[in-house]
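Chain naming here is simple, since letters A, B, ... match the order of the sequence lines and numbering starts at 1 in each. Computed from a predicted model, the values in this text were never measured in an experiment.
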There are 2 protein chains.
Amino acid sequence: MEKRYKTPKECLGKLMPVRDTLDIFQGKWKIQIISVLMYYDECSFKLLKESVKGITSKMLSKELKELEVNQLVEREVIDTRPVTIRYRITPYGESSRDIIIALYNWGVEHRKKIIGKK
Amino acid sequence: MEKRYKTPKECLGKLMPVRDTLDIFQGKWKIQIISVLMYYDECSFKLLKESVKGITSKMLSKELKELEVNQLVEREVIDTRPVTIRYRITPYGESSRDIIIALYNWGVEHRKKIIGKK
DNA sequence: CAGAATCCGGTCAGATACTG
DNA sequence: CAGTATCTGACCGGATTCTG
């Protein structure tokens, strides 16, 4: 990303991949869900709900579906009684680890800065 | 980020910095604005508006204010006639470069994957 | 347990027009 | 040029209830 004397048009090209990524991870919850699934090997609906603080069943359900469509998360139905459902991150989902780490690191530094001020 | 046998409580701790970061960069536009400002050395309102495709004056104005509050962007008023306004990314804003790069890289790979499928 | 269904208010954000 | 002002529909997302 060099600087100076660029046109909006050039800029738009550079921005496109960022927009694509944002489209997929948009919203308050998706990144958090992915983070949690990276943390656990596998996860039930209930454990997910407990781990992503504040999320409702409805939102969790909705977000999981969208993540499944984009193949970042997979859902396995195990034929027990009652049925067991397991959520797991896919290898493709794992590929977003750099994003999560960047967000995590920035958050840690940010907290230091905020606390340092007070 | 190790795996297995973690509790929701441990998980919440790991999630907090991510949540903090998300709070600040939340929304459709902030990351894009920051990206553009990383690309240019400095930028007028007009140029920003042209570079962040689809954004309205209202949104741009609102988002810039929020970014200013969080000290990611600075606004300089130059006393010409009519006044010139310059937006610039702050050093703190620059510190989010790793996030932007991670998003950019993922977007590039994602596009490859999507195109490869079709 | 793993969700679906319903209800509902709030705010987000787009379109458009206007101002100093 | 650098924004404000107003209006409006969309939809985000919370609370609650219900089901196989």
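The distance between atom CD of A/E42 and atom C1' of C/dA2, rounded to the nearest whole Å, is 16 Å. C/dG10 atom P lies 16 Å from atom NZ of A/K28, rounded to whole Å. Atoms CD (A/E63) and P (C/dA2) sit 18 Å apart, rounded to a whole Å. Rounded to a whole Å, the CG atom of A/L48 is 13 Å from the P atom of C/dC1. The nearest whole Å value for the distance from the CG atom in A/D79 to the P atom in C/dA2 is 15 Å. Note: NZ (A/K49) to C1' (C/dA2) measures 11 Å, nearest angstrom.
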**Request:** Give the C-alpha distance, both sets of side-chain angles, the deciding distance and a yes or no for side-chain hydrogen bond (donor to acceptor under 3.5 Å, both in side chains) between B/T80 and B/T84.
**Result:** CA-CA 6 Å; B/T80 51; B/T84 307; 2.7 Å; yes

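OP1 and OP2 of D/dC11 both lie 4.0 Å or more from every side-chain N or O belonging to A/K62.
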Report all interatomic pairs (protein N or O, nucleotide N or O of nucleotides 1-3 of chain D) with separations under 3.5 Å.
{"from": "D/dC1", "atom 1": "OP1", "to": "B/K46", "atom 2": "NZ", "distance (Å)": "3.1"}
{"from": "D/dA2", "atom 1": "OP1", "to": "B/I85", "atom 2": "N", "distance (Å)": "3.4"}
{"from": "D/dA2", "atom 1": "OP1", "to": "B/I85", "atom 2": "O", "distance (Å)": "3.3"}
{"from": "D/dA2", "atom 1": "OP2", "to": "B/F45", "atom 2": "N", "distance (Å)": "3.4"}
{"from": "D/dA2", "atom 1": "OP2", "to": "B/K46", "atom 2": "N", "distance (Å)": "3.3"}
{"from": "D/dG3", "atom 1": "OP1", "to": "B/R75", "atom 2": "NE", "distance (Å)": "3.3"}
{"from": "D/dG3", "atom 1": "OP1", "to": "B/R75", "atom 2": "NH2", "distance (Å)": "2.4"}
{"from": "D/dG3", "atom 1": "OP2", "to": "B/Y87", "atom 2": "OH", "distance (Å)": "2.5"}

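Using a cutoff of 4.0 Å between basic side-chain nitrogens and carboxylate oxygens, B/R97 and B/E94 are scored as salt-bridged. The pair A/R88-A/D41 does not count as a salt bridge, with every side-chain nitrogen at least 4.0 angstrom from each carboxylate oxygen.
Within the 3.5 Å criterion, the main-chain N or O of A/G93 finds a donor-acceptor partner in the side chain of A/S96.
Side chain B/K58 to base C/dG14: a donor-acceptor pair is found below 3.5 Å.
Side chains of B/Y40 and B/S51: a donor on one and an acceptor on the other come within 3.5 Å.
A cation-pi contact, defined as under 6.0 Å to the ring centre and within 45° of the axis, is absent between A/K14 and B/Y39.
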